[in-house]
Amino acid sequence: MKDHAALTDVGRTREHNEDAYAVVQLLDGLLCAVADGMGGHAAGEVASRIAIEKMEHAARAARLGQPLLPELQNAADAAHAAIREAAQDGREGMGCTLTVVAVRPGKLELLHIGDSRAYLLHDGAIEQLTDDDTLVGEMQRQALLTEAEAREHPARSVLTRALGVGQVADFSAATIDSRPGDLLLLCSDGLTGHLTDDELLARLDPKQGLEPVAKALVAAANEAGGSDNVTVVLARTR
Ligand code: MG
């Protein structure tokens with residue numbers, strides 16, 4: 001059975017797909033990345049494409065048994081600078097989210113900025129590995145908003161951090177212990193804007209193949225309105 005699946009879809013209301021993703025085979029694992037672009041006039045597509053290409057490049061430099069996180073951080077810094085430079089050609093406000101996980105034996109190396117998400121499914125429970133870099137995410141962490149209030153909040157998509165925006169990009173980085181056979185989900189907010197964690201969990205049947213699960217998740221987001229581009233990357237841990 002395949003150990004990963006990935007799918008992106010424009011959704012029901014947008015004209016362009018500004019999400020991008022990558023899945024790259026490593027010697028001892030898999031690099032998975034999702035980026036969600038922002039900025040008008042195709043700028044978002046340019047930003048997310050730059051971010052993903054830098055991650056693919058970093059993955060190709062990975063060495064057996066060596067931590068990949070420093071390479072990913074360097075590549076993300078380079079993507080930040082490249083997006084800022086590209087934004088000078090009349091593409092103001094251009095930027096993107098980036099959530100990238102190197103799946104390696106016994107561990108996950110995670111780098112994150114923005115409001116795309118990484119989840120880990122283990123023993124029938126779903127755990128969000130990333131914090132949303134959004135105003136409402138900040139308010140939720142300070143217990144000023146419930147999850148239900150955050151979902152309906154008019155400013156729910158306002159990011160506090162993004163790649164390509166501001167002088168320095170402030171990433172979250174972590175190395176997380178994992179066990180073989182758990183399920184990793186990376187997704188853009190086009191999925192989580194429509195589905196709660198419980199609704200995700202209900203569709204993440206680890207006994208199914210990953211491709212039908214990815215299709216079911218994207219279909220569920222579209223059935224719920226498809227108000228944004230939706231991207232799903234699934235991978236089994238090792
Ligand atoms: Mg989005």
Side-chain angles (χ1 to χ4, degrees), residues 6-23 32-53 55 76 79-80 83 86-87 91-101 110-119 128-140 147 150-166 169 171-172 184-197 199-200 203 214-234:
L7 195 58
T8 189
D9 190 87
V10 69
R12 292 264 166 93
T13 59
R14 301 287 175 98
E15 279 183 31
H16 301 282
N17 193 344
E18 299 191 326
D19 287 1
Y21 71 86
V23 179
C32 304
V34 168
D36 178 348
M38 60 193 188
H41 305 291
E45 279 161 87
V46 174
S48 60
R49 180 44 46 202
I50 289 172
I52 290 299
E53 281 171 4
M55 293 305 116
H80 179 70
I83 293 167
R91 297 193 186 102
E92 273 157 41
M94 164 174 165
C96 66
T97 72
L98 178 65
T99 301
V100 50
V101 176
L110 166 73
L111 192 70
H112 167 79
I113 186 167
D115 67 349
S116 300
R117 291 182 181 174
Y119 288 94
Q128 190 178 331
L129 302 178
T130 48
D131 283 333
D132 293 345
D133 293 322
T134 56
L135 279 177
V136 299
E138 209 57 62
M139 289 165 81
Q140 259 185 285
E147 201 212 320
R151 300 188 75 79
E152 300 300 322
H153 201 284
R156 63 187 172 274
S157 54
V158 176
L159 298 180
T160 51
R161 297 175 185 178
L163 200 62
V165 179
F171 302 101
S172 312
L184 174 76
L185 165 67
L186 302 192
C187 60
S188 61
D189 67 332
L191 184 73
T192 49
H194 285 301
L195 302 181
T196 64
D197 289 4
E199 288 166 333
L200 294 178
R203 288 168 179 85
K215 280 183 188 155
L217 288 170
V218 169
N222 280 333
E223 278 155 27
S227 63
D228 196 0
N229 309 143
V230 52
T231 302
V232 168
V233 176
L234 291 163

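In each ligand, atom 1 is the first atom listed, and ligand 1 is the first ligand listed.
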N, O or S atom within [X] nearest to the Mg ion (ligand 1), by name:
| X | result |
| --- | --- |
| Asp189 | OD1 |
| Asp228 | OD2 |
| Asp36 | OD2 |

*When you check the side-chain N and O atoms of Asp19 and Thr231, is any donor under 3.5 Å from an acceptor?*
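Distance-only check passes for Asp19 and Thr231.
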*Between Ser172 and Asp131, do the side chains contain an N or O donor and an N or O acceptor separated by less than 3.5 Å?*
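No, Asp131 and Ser172 have no side-chain donor paired with an acceptor closer than 3.5 Å.
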*N-O pairing of Arg203 and Glu199 below 4.0 Å*: no
*Inspect the surroundings of CD in Gln128 and state if more than 12 heavy atoms from other residues, nucleotides or ligands are less than 6.0 Å away.*
yes
